[in-house]
Amino acid sequence: MTEFVFYTIAVGLCAFALLSVTVGDVFHSAVWLTFTLLSVAGVYFLLGAPFIGVIQVLVYVGGIMTLFIFAIKLTANIGDARIRQFTRQLWPGAVLAAVLLAFLLAVIRANAWSARALPPVQGPDLKEIGTELLTRYLLPFEFISLLLLAALVGAIVIGKVKK
Amino acid sequence: MISLGHFVALSTVLFCIGLFGVLTQRNAIRFLISIELILNAANINLVAFNRYLAPASAEGQVVSLFVIGVAAAASVVGLILIISIYRQRQSVFLDDFNLLKW
Amino acid sequence: MTYSLNFISVELALVLGALLILMAAVFGAGRKTLGFAALATVMIAIFRLPATMPPGYPVFDGMLVSDTFGYGMRLFILLTVAMVVLMSLAYAWPQDEDMGEFYFFILVATVALNLAACAGNLAMVYLAVETLSIVSYVLAGYFKRDILSTEAGVKYFLFGALSTGLMLYGISLAYGLFGTLDMSFIGSRIAAGDAHGPALVVAAVLILAGLAFKASLVPFHMWVADVYEGAPWPVAAFLSVTSKALGFVLLARIFFSNAVVAVPFWSGVAPVIAILTMTIGNLAAFHQNSVKRMLAFSSVAQAGYIFAAMALGQAGLSTAFFYIAIYAFMNMGAFAAAAFLSPADAQLEAYRGLGRRAPVMAFLFSVFLLSLAGLPPLAGFMAKFFVISAAVEARDYILAGAVVLNSILGFFYYLKVIKAMYFDDETSVRECLVPWLGYLLVGGCAWGVIFLAIHPQAILDILALMFV
């Protein structure tokens, strides 16, 4: 049963990701990216990390994709399917990516990660995430709020239209 | 049995698709989409390794939360920069940005 | 916890200053006020720094490490940021730019730099590097009505987001190999011989990619010229000195805490990268008509010299950081002088005849250019000499020869600028007004360059403490 779910999500994920980088219209790309991100959330649920899955949906799909859609609509006439969307390095790029994929998969085999099965213990749950955020990862937790503020101010500084 | 290798293979495929996108896109927004794929691949790695190899701590999941946050911040700034250049040049195609020579 | 809080009191001061400046800008504070407030914040941080010793205790559960290397680099970062703020105070900004946000970003970047310099956990490294990068994208594109600046911001963003994305994937693989992101733990595991293999190499290469981007090493150097050219002069100075130094700091922390052995190709590939970086940087600098782009490629070449010292292994580290210290003075001075001489037009034609119109500044600019070229008895020569002798001692004669050849090559384009200033006639009659702050900064850098040439002991002593 788990295997069926995994393979469905995995195949869907790869298909959506591939579609998002190959279709002609950039808006369609964004739609496929949305499905990709939802599939990734599915992977998180499968890995026993429901909190991360929910955050993924809320932040990535809900927040970042909204930004993308805004940006695409605000830069309107560039996603036309008639305009060439790929650089001249399309085929070398594809070959390079394929070669790299083969190489990395070989690396995975060599590293015995394929042999690792699910350990019998319970995985980390929400309580542990919370504890970790306020003990060991306290500094990054506080620091990222500075980053978010800086990004916010930065976006306003760049985006503000002066009259 | 779904082993760790399955998940890592999945993330590797996602990474390579993202890399392909990065190498071949003319459109800045699609370049950014490809980068998001790479970030998600890394996140899958983090959560998977956490579950299979180090289930005692929540380190992988916590870090993946930070990555999601950072990705949001980076996308905000990046997209506003892209919109800004579109306003000025009516283009988001990377080959058109040749005022500064590549 | 109190120890940890004491340790980051420096960064807390910077954050407080940043927030106050942001608020002051909302309430209409003037440029000079904001600038001096930023300078005061950095000064307070510097004064707070000595109280964060003694080293050795884990800070925030291993997120940061308290060692002399981090202490030295924090001092370096604060001093160079002070120079950038000073340059920004003296620079001729366009009338309608908001400066409050600018200083806010610089201070946030400083906090990120400090945290990264002391990082003990790969997640902290990633977070700090990304914060620095995101703030830098905004800084590079700060002149939002100038198409060149916006383009610089976009290009920097695209390249930067990609490199940090690659670095993150490498970090995730490292997590998979070691089960933790704690750097000292990973270092000890690698030294013990664990986890060696292709996966470690892949992780190391990816992390190297992200850091090489910041340090502008080949083949991740392509963004430098365009971004420096489009960004405002003080931002270009900041990127070329402070941001670049962070790349090297992290390379030292990640790849020299016993991780060098894990990357078996280090001794083969690193010198190649160094030689390519200096050569490509120098060759590209030749063809530039813009002084700003020329200085950008010159900084790429300088990164090559620094990395050449690092490529020699553990023994070359203090040489590399000696070079970085000297480089900070001469490069900051060069960028500042070039900015003050011609804030609006960076083409070589605009610098013609400035030797007569602005004799002091032009002379100081020449001093920096000659030091960058490596002319004795200036500090730049001493820095290069140390690199060459370290290479010779390590019997890497190819590397030593490459440094020598490239230095000779470099002379030509540095001299091109000096010639234009002194031996060409002016193409446009322009006033060259530099506020006293500008002279203070440039004079200070020149003093550093000349003093350190005669008396490098000051820096060498600090380095000896840093690299126990």
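Every chain is numbered from 1, with letters handed out A, B, ... down the list of sequences.
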Is there a side-chain contact between [X] and [Y], using heavy atoms and a 4.5 Å cut-off?
| X | Y | value |
| --- | --- | --- |
| A:L100 | B:F15 | yes |
| B:I83 | A:I158 | no |
| B:N43 | A:Y44 | yes |
| A:V21 | B:L37 | yes |
| A:L47 | B:Y52 | yes |
| A:Q56 | B:N40 | yes |
| A:F141 | B:V62 | no |
| A:F6 | B:L10 | yes |

Engaged part of [X] at the chain B interface, taking heavy atoms whose separation is under 4.5 Å:
| X | result |
| --- | --- |
| A:L152 | neither |
| A:L18 | both |
| A:I129 | both |
| A:F68 | both |

Top contributor to chain A interface from [options] [non-hydrogen pairs under 4.5 Å]:
| options | answer |
| --- | --- |
| B:G60, B:S11, B:A9 | B:A9 |
| B:L19, B:T12, B:L81 | B:T12 |
| B:A41, B:G78, B:A48 | B:A48 |
| B:A58, B:A56, B:S34 | B:A58 |
| B:G21, B:P55, B:G18 | B:P55 |

| request: Please check if atom CZ in A:F45 has more than 12 non-hydrogen atoms from other residues, nucleotides or ligands closer than 6.0 Å. | output: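 More than 12 within 6.0 Å, yes.
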Can you measure from [atom1] ([X]) to [atom2] ([Y]) and round to the nearest 0.5 angstrom?
| X | Y | atom1 | atom2 | result |
| --- | --- | --- | --- | --- |
| A:L101 | B:L14 | CG | CG | 11.0 Å |
| B:I44 | A:S39 | CD1 | OG | 9.0 Å |
| A:L74 | B:L79 | CG | CG | 10.0 Å |
| A:T75 | B:I85 | OG1 | CD1 | 12.0 Å |
| B:Q61 | A:D125 | CD | CG | 9.0 Å |
| A:S20 | B:I33 | OG | CD1 | 6.5 Å |

| said: Shorter than 4.5 Å, heavy atoms on both sides: which option in A:L147, A:T131, A:V95, A:V157 has the most such pairs with chain B? | reply: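 Option with the top pair count is A:L147.
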| request: Output the option from A:P140, A:G130, A:A30 having the highest count of non-hydrogen pairs under 4.5 Å with chain B. | output: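 Going by pairs under 4.5 Å, I would pick A:P140.
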Toward chain A, the part of [X] with a non-hydrogen atom under 4.5 Å:
| X | value |
| --- | --- |
| B:V22 | neither |
| B:S84 | side chain |
| B:F7 | both |
| B:A54 | neither |
| B:I17 | both |
| B:V77 | side chain |

| query | Which residues in residues 8-16 of chain A have any heavy atom lying under 4.5 Å from a heavy atom of chain B? | reply |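 Near chain B, by residue number: A:A10, A:L13, A:C14.
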Nearest atoms (heavy-atom pairs only) where [X] meets [Y]:
| X | Y | result |
| --- | --- | --- |
| A:P124 | B:N50 | CG-OD1, 3.8 Å |
| B:V76 | A:A151 | CG1-O, 4.2 Å |
| A:A155 | B:I80 | O-CG1, 3.7 Å |
| B:R30 | A:G24 | NH1-O, 3.4 Å |

| task | Take B:I68 and A:I55 through the side chain to side chain contact (heavy atoms under 4.5 Å, CB included) test and state the conclusion after the steps. | result | CA-CA 8 Å; B:I68 292 177; A:I55 296 291; 4.2 Å; yes
| Is it true that a side-chain atom of B:R87 and a backbone atom of A:G159 form a donor plus acceptor pair closer than 3.5 Å? |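 Yes.
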| field | side-chain hydrogen bond (donor to acceptor under 3.5 Å, both in side chains) partners of residues 65-75 of chain B, not counting sequence neighbours, each pair once | value |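 Residue pairs passing side-chain hydrogen bond (donor to acceptor under 3.5 Å, both in side chains), neighbours aside: B:E36-B:S75.
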| task | Using the side chain to side chain contact (heavy atoms under 4.5 Å, CB included) rule, take A:Y60 and B:L39 through it: C-alpha gap first, then chi angles, then the decisive distance, then the call. | result | CA-CA 11 Å; A:Y60 244 120; B:L39 291 177; 3.9 Å; yes
